[in-house]
Structure formats: C-alpha cells, structure tokens
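Letters go in sequence order (proteins before strands), and every chain restarts at 1.
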There are 2 protein chains.
Amino acid sequence: MPKLNDQTLEHVAQRFKVLGEPMRLRLLACLQKGEYCVQDLVELTGAGQANVSKHLSLLISHGILGRRKEGLHVYYFIADESVYNLCDLVCESIANKAEGVQRLFSDARA
Amino acid sequence: MPKLNDQTLEHVAQRFKVLGEPMRLRLLACLQKGEYCVQDLVELTGAGQANVSKHLSLLISHGILGRRKEGLHVYYFIADESVYNLCDLVCESIANKAEGVQRLFSDARA
DNA sequence: CAACTATATAACTAATCGGTAATTTAATGT
DNA sequence: ACATTAAATTACCGATTAGTTATATAGTTG
C-alpha cells in the first residue's frame, strides 16, 4: 500500500465500492469480450434498461468505461483495463481460501 | 477475469464491497505496520470502539484479518496479504487517471 | 413534421449500511 | 466475590443505494 493520506484512501475506497456490485461486475464481464450497446447488455444480463443505464453511467463517471455514439446506439467499452487485474487478484485470493478450507477437510479425514 | 459464474461473481463483488469503505481501509493501513489490539486501532483511527469492533469483525468474517487473544486484549493481524496488492493496483490506476487529467490541463495551456 | 427506437434521467420504494449509545461478555487483579 | 478493563453485541437512526416505473431526450426514418 503506497502513501494513503485520507483523500487517496477515500478515492481507493470509492473505486472498490464501485466494483462491489454484482451487476456492475456482470457488465464488466460482458464488456471484456468487446464493446456492446445498452440493449445488448440488457439482453446479456437480463436486467432492466434503466438499471443498466444507471450502472453504466456510474462506471463512466469513475473512468472505468468509455462510450462511443453511433446513430441511435451508444457503445460502451473498457477504459481502465486494470479492473480485470483486480478481479483476477480477488479470484485468486478466493480460490486460495477455498483451497485452505478443502485442506482442513482432508486433514480432518486423515 | 477468470471464469465467473454467478456465484463467484457474487463472491468477488462481496470482497470489493468489504474493501469499499474508508474506515476499513484505514484499519488495514494501520495493520500493515503490524498487529494491533482494538484500543490501539481506536486511538490510531479516532473512531469509536464499537465502530472499530464491528469493522474488524466484518474483516475477520471475510478472511481478510486474523485474531489472537492475549489476556484482556485481542490482537488483529492481516490474514490475506493480497489486499495490499489490490490497493496498490487501485492506487496506480488512480495515479494514471490523475496524470491524464494533468496532461489535459497542460495541453490546454499549450 | 410525425412516428419510432435507443438511451438517459427523475421520482419513488425497499433494503442495506455506517455510526453511536448502551449493554453484555470475558479476562484480570484485589 | 467485587471492581476494573477490553472487546463484542444489540438496538437504533440517518444516509445511501439498487431496482423499478414513468418520463424526457436524442437520433433516425418515412
């Protein structure tokens, strides 16, 4: 953890909070495959249109996504690839934890 | 982002949500220097005792912290070091963004 | 311009969450 | 057993937030 005065700490917390929402992660997971417009994402996620729009706006306002207008459609894409590194790290950590639990079980059996 | 079925996605979101709170990050920042008991952390953060206890309990329940009892005191320590890697990544990303903004300003001036 | 489609926004509701005050539990020493 | 200290827990309040419905905005086509 590099220097964290109260302000940067607040910013870091904000970033985490933005990612701490299943629907937003779902959107990011979709957009990992390429850019999509809102209705694509509505279909892919099964969420409501207003809901998707709101989450996308939030991700935009935090610099995680970018947007590109094309006719009636608005295409969203990843602007900050680092979010995937974050998810990778978390997944690893979770996997390790699960492994630890599994080991506990096998140890108990032995 | 490795495989993310709905369940793992939910877990990842949970992890992010736990980290998406300034006070909890502040506690983690303190504990980076070593283990501390609750009252130490109360003094270091300036938060209320109940508040600190609650945040610590949450971090424990998510496997991020560990605890060790010694007499009247309970010492907390980091159980999942990966949280610091996460914070590092976020800080980098934020720094890059700030740099971009700065460049925009200097470009505008030029 | 009118009808249509895609997206954004506003207003609202229910649920979640952080902080606090008060109480309880647990360990220690007299 | 009693008093003292540390930590956890409970109950509560105010604020935030995700989702939905309805409406507004913007771009397209006839």
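Atom-to-atom, CD of A:Glu35 to P of C:dT7 comes out at 12 Å; the value is rounded to the nearest Å. Remark: C1' of D:dT17 and CZ of A:Arg24 are 9 Å apart, rounded to the nearest angstrom. Between A:Arg26 atom CZ and D:dA18 atom C1' the separation is 13 Å, expressed in whole Å. Nucleotide C:dT16 holds its C1' atom 17 Å from the CE atom of A:Met23, rounded to whole Å. To the nearest angstrom, C1' of C:dT7 lies 15 Å from CG of A:Leu65. D:dT5 atom C1' lies 6 Å from atom CG of B:Leu72, rounded to whole Å. Computed from coordinates, the A:Glu10 CD to D:dT16 P distance equals 13 Å when rounded to whole Å. Straight-line distance from the CG atom of A:Leu19 to the P atom of D:dT17: 14 Å, rounded to whole Å.
A close approach under 4.0 Å does not occur between any side-chain nitrogen or oxygen of A:Tyr75 and OP1 or OP2 of C:dA6. Dashed line: the shortest gap from a side-chain N or O of A:Tyr36 to OP1 or OP2 of C:dA6 is not under 4.0 Å. Checking the phosphate oxygens (OP1, OP2) of D:dA7, no side-chain nitrogen or oxygen of B:Gln49 falls inside 4.0 Å. For C:dT7, the OP1/OP2 oxygens have a side-chain nitrogen or oxygen of A:His73 closer than 4.0 Å. Distances shorter than 4.0 Å separate none of the side-chain N or O atoms of A:His55 from OP1 or OP2 on D:dT17.
Between the OH atom of A:Tyr75 and the NZ atom of A:Lys69 there is a distance of 13.0 Å, given to the nearest 0.5 Å. Taking NE2 of A:His62 as the start and CD1 of B:Ile94 as the end, the distance is 9.5 Å to the nearest 0.5 Å.
Positionally, the nearest nucleotide of DNA chain C for A:Arg67 lies more toward the 5' end than for the other of B:Lys54 and A:Arg67. Map A:Gly71 and A:Leu58 each onto its nearest nucleotide of DNA chain D; the residue landing nearer the 5' end is A:Leu58.
Across D:dG19, C:dT7, D:dA7, the shortest atom-to-atom separation from the side chain of A:Val38 is found for C:dT7. Here the nucleotide nearest the side chain of A:Gln39, chosen from C:dA8, D:dA8, C:dA6, is C:dA6. Considering only the side chain of B:Asn51, C:dG19 comes nearest among C:dT5, C:dG19, D:dA18. Taking only side-chain atoms of A:Glu21, from C-beta outward, the nucleotide of D:dA8, D:dA18, C:dA27 with the closest atom is D:dA18. Here C:dA21 is the nucleotide among C:dA21, C:dT28, C:dT7 with the atom lying nearest to any side-chain atom of B:Ala50.
Between the side chain of A:Arg24 and the main chain of A:Leu59, no donor-acceptor pair closer than 3.5 Å is present.
Using a 3.5 Å distance cut-off with no hydrogens or angles, the side chains of B:Asn5 and B:Thr8 do pair a donor with an acceptor. There is no side-chain donor-acceptor pair under 3.5 Å between A:Asn96 and A:Ser93.
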